[in-house]
Structures are given as structure tokens and as C-alpha cells.
There are 2 protein chains.
Amino acid sequence: MSATTETDAYIRLFSRYLREQGLPVTHQREVVADVVFSSVEHLSVDDIEREMRAVGERIGKATIYRTLDLLVKSNLVAENDFGEGFKRYEHRLSREPLHEHLICLHCGTVAEFHDSAVHQIEALVTAQHGFRPIRHKLEIYGLCRECQSAGVSLPREGLICPIDSV
Amino acid sequence: MSATTETDAYIRLFSRYLREQGLPVTHQREVVADVVFSSVEHLSVDDIEREMRAVGERIGKATIYRTLDLLVKSNLVAENDFGEGFKRYEHRLSREPLHEHLICLHCGTVAEFHDSAVHQIEALVTAQHGFRPIRHKLEIYGLCRECQSAGVSLPREGLICPIDSV
DNA sequence: GTCCATGCAAACCTTTTGCACTATA
DNA sequence: TATAGTGCAAAAGGTTTGCATGGAC
């Protein structure tokens, strides 16, 4: 952790945010921020805890959750829910600020992409509905290249086209 | 409930699915299906339970969950997670089979839309990544027309553009 | 010295599961 | 009658909270 000057700059940004809010900059908060800013993955709380222990830090889960709340509020970190039953966190620095996700249903790998057409759709649709957009989320679930090569296939179940067979 | 012949047809479709799977068609399953197929809303389990009690049916939560699993497996019902901490269910009959959601962050109202450009994006992006798409989800969060008229505004917090201020 | 954060454990909330009993086919 | 479903309550799993202690400023 904290290998790069980049990561250090991000941690300083978080510290600045905390001071602006009149909140103490604690060791625990710096450690959580360090782990999150040092990774390009979409980390679960367990991932974060594991990484901390690997570097000899032992911080309570409650503190991790509370710090993640602050990181999300600061806009430095984004919270994701890929339907796994828990949340994942990714920092928003040094990556496309607005991006969408490709999620492999077999191995769980998450890839990112950006397509400006998404914003065009958002602008068009929300204008039609008189809706004021704040954020959006486009997730494509399927099989990544590697899982396809490995011969993985997901079973199909249920009625194929129910609406046609009434 | 069960007011329309349409709803009855949907329930029959579910019964057919159950028989095909060699599963019993029970009263409880018919009641849950009736509630879900009779509504155009995105129902939570609590919504479903409340609706049942309103018509004098008292069915255990476990049975509701188990029946919803079957409805989802049959492809007759879709499961949604709008980040509220619980799931919502919508039937897929007599509505656009593939649609996206507009979710109001203030009142929770969910509207639907369809835009074929989403599929074009999906096709393009997945081809680029060698990814085999199975399903996708596009959700736009913001303020609906009514909440805007009512003067609702959501506070902005955090750093505005962190990446520029390192 | 004043606040606020931390850590632990308990609480929370939705969803799942085990088990004795009941209903479907 | 065999097999599977139901209901209840307990368990599970991620996340939040209360409270006594400790640390930041």
C-alpha cells in the first residue's frame, strides 16, 4: 500500500475533505483510504479487511463501514451493488469518472467501459419524462472472454417467451 | 385481485409452468401469483403481504419468498433491486418485456422506458470486450416531475471534482 | 479539555433454512 | 399414499448502532 505518490495525493485529498468537514484525520481513516486508493479493483468490505491484515493493520469492521461512508460522501469513492448480497467500493481517481460495468456471472470479474451514447439516452429519456437525472447505472451481465474459453455456459430455465404463449 | 381475464390467463401460465416442473399447484402459489400479476407496480415482499391481508389471505413470508423464486425462475416475473435494501418484483406480462427504469430518489416512484439504443450499446461494447451478454440493467436515478414541482431538491455534498484538484 | 472516533457486541433487516405438519396429485 | 409445500421460528449474512474507552485537535 501507499506505494505511489499518486495514492498519497489521493489520501491527502481525503484528509482535506475531512478537515473541511471539521472531522479528525485518524490513523484508521488513512489506512482504509490507503487500501481503497491503492487498488483498481471493486473491493468488498472483506477484501478491504483482508488487505489490511496483510499489512498488519487490524481495524474494526464498524470503522471500515463508517470510513467508507465518508469516502462515498466525499465523492472520492463509488459504491457498487452487483447483486451479490454485499457492496463493493471503487475509488474514482485515475479512472474514467463516469463508467459502466461488465460483470461476469460466472467468475465475478468486473470490467469497465464508457460510451457517451448512454448520456444521450439519459438526456433524451429524462427530457421526455420531465425527470431530472442525478446519476445512472448501466450494468451488463454475462460471460467474460475467459469463462467462455473455459467452456462455461449458464443454463437457461423457465418459459422462453411467456407473453406469446397465453 | 383476479379481476381481469388477463390476470387469470397469467396465473394459468404459471400453473402450467409448475405442472411442467412436476410441482404442485397450491392455493398459496395461486394467491401470490394473483397479487403480482394483478399489479403494475414494482412490489416489495411487504407490499405483497399487505395486499394479501387486504383480501383476507394470510400466507407466511417464507412461502411468499419461495413462490417468488419460482415466478422469477419461470421468467414470468422480474426481480429488481433499486438499492433500497430489499427487492422488488414486477410481472413481465402485458408490459414491454425489456425496459429500463427511472427511479425517483425522493418518493421512490419507478417509471419505465425503452430505448433500442441501449441494445446497440450492449452489442457494441460486448463485442469489443469479447463478452457474451446475457442481460443488462439501466437505471436512471433522479427527481420525478412531481417531486420537482413540489420543490424537492437533493443536497449536493462532497468534493465537486476531486480528480481536477489533486 | 472538548469532541469525535474507535472497537466490541448487540441489534437490525431482509432473506433463507430446519422441521413438524398438511395438502397436492 | 408418496411427495412436496406450508408455517413458524430460528438462523444467516451484511450492515448499523449503543456505549464505554481512547485519540485528535
Side-chain angles (χ1 to χ4, degrees), chain A residues 11-12 14-36 42-53 56-74 77-89 108, chain B residues 11-12 14-36 42-53 56-74 77-89 108:
Chain A
I11 297 173
R12 263 181 263 121
F14 181 47
S15 302
R16 195 189 80 186
Y17 171 79
L18 291 172
R19 279 189 291 270
E20 278 172 5
Q21 305 292 314
L23 301 173
V25 177
T26 64
H27 175 66
Q28 288 89 336
R29 285 174 178 172
E30 287 180 321
V31 172
V32 174
D34 197 341
V35 171
V36 176
H42 298 74
L43 302 168
S44 65
V45 168
D46 275 359
D47 291 337
I48 294 169
E49 211 174 16
R50 197 173 313 115
E51 181 58 33
M52 280 176 177
R53 300 205 173 178
E57 294 281 355
R58 184 169 287 271
I59 292 175
K61 261 202 166 72
T63 299
I64 299 175
Y65 278 107
R66 286 185 279 229
T67 304
L68 285 169
D69 282 349
L70 291 169
L71 285 163
V72 170
K73 279 212 189 85
S74 77
V77 167
E79 187 181 75
N80 291 119
D81 184 344
F82 298 134
E84 300 166 295
F86 53 85
K87 305 271 176 61
R88 290 185 178 275
Y89 299 85
Chain B
I11 296 173
R12 264 182 263 122
F14 181 46
S15 302
R16 195 187 81 187
Y17 171 79
L18 291 172
R19 280 189 291 270
E20 277 173 5
Q21 305 292 314
L23 301 173
V25 178
T26 64
H27 175 66
Q28 288 89 336
R29 285 173 178 172
E30 288 180 320
V31 173
V32 174
D34 197 343
V35 170
V36 175
H42 297 74
L43 303 168
S44 65
V45 169
D46 275 358
D47 291 337
I48 294 169
E49 210 175 16
R50 196 174 312 116
E51 181 57 34
M52 280 178 177
R53 300 205 174 178
E57 295 281 355
R58 183 169 288 270
I59 291 174
K61 261 201 167 72
T63 298
I64 299 175
Y65 278 106
R66 286 186 280 228
T67 304
L68 285 169
D69 282 348
L70 291 169
L71 285 163
V72 170
K73 279 210 190 87
S74 76
V77 166
E79 187 181 77
N80 290 119
D81 184 344
F82 297 134
E84 301 167 295
F86 53 85
K87 305 270 175 60
R88 289 186 178 275
Y89 298 84

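Labels below follow one simple rule: chain letters A, B, ... track the order of the sequence lines, proteins then strands, and each chain is numbered from 1.
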>> Looking at A/Y65, I'd like to know whether one of its side-chain N or O atoms comes within less than 4.0 Å of OP1 or OP2 on D/dT15.
In response: yes

> For DNA chain C, whose closest nucleotide is more 5', that of B/R19 or that of B/G85?
Replying inline: B/G85

>> Please enumerate all residues that pass side chain to side chain donor-acceptor pair (under 3.5 Å) together with A/E84, with sequence neighbours excluded.
In response: A/R88

> Taking 5' to 3' order, which nucleotide of DNA chain C is first and which is last to have an atom within less than 4.0 Å of a heavy atom in chain A?
Replying inline: C/dC4 to C/dC8

>> With rounding to the nearest 0.5 angstrom, report the CZ to CE distance, A/R58 to A/M52.
In response: 11.5 Å

>> Please enumerate all residues that pass side chain to side chain donor-acceptor pair (under 3.5 Å) together with A/E49, with sequence neighbours excluded.
In response: A/K61

> In B/S/- notation, 5' to 3', how is nucleotides 2-8 of chain D contacted by protein heavy atoms closer than 4.0 Å?
Replying inline: --SSBBB

> How would you list, by chain and number, every residue that makes a side chain to side chain contact (heavy atoms under 4.5 Å, CB included) with A/D69, sequence neighbours excluded?
Replying inline: none

> Roughly how many Å is it from CZ in B/F86 to C1' in D/dT15, rounded to a whole number?
Replying inline: 16 Å

> With sequence neighbours excluded, what pairs up with B/R66 under the salt bridge (Lys or Arg N to Asp or Glu O under 4.0 Å) test?
Replying inline: none

>> I'd like to check the salt bridge (Lys or Arg N to Asp or Glu O under 4.0 Å) partners of A/R29; sequence neighbours left out, ordered by chain and number.
In response: none

>> How many whole angstroms separate atom CD1 of A/I48 from atom P of D/dG14?
In response: 14 Å

>> Using the side chain to side chain contact (heavy atoms under 4.5 Å, CB included) criterion, which residues pair with B/V72? Sequence neighbours excluded.
In response: B/V77, B/E79, B/Y89

>> Holding to salt bridge (Lys or Arg N to Asp or Glu O under 4.0 Å), I want the full list of residues that pass it with B/R19, two or more places apart in sequence or in another chain.
In response: none

>> List the residues meeting side chain to side chain donor-acceptor pair (under 3.5 Å) with B/S44, not counting sequence neighbours, and say none if there are none.
In response: B/D47

> Checking side chain to side chain contact (heavy atoms under 4.5 Å, CB included) for the pair A/L68/A/K87: CA distance, chi angles, key distance, verdict?
Replying inline: CA-CA 11 Å; A/L68 285 169; A/K87 305 271 176 61; over 6 Å; no

> Angle, rounded to 10°, between the helical axes spanning five pairs at each terminus of the helix from C/dG1-D/dC25 to C/dA25-D/dT1?
Replying inline: 30°

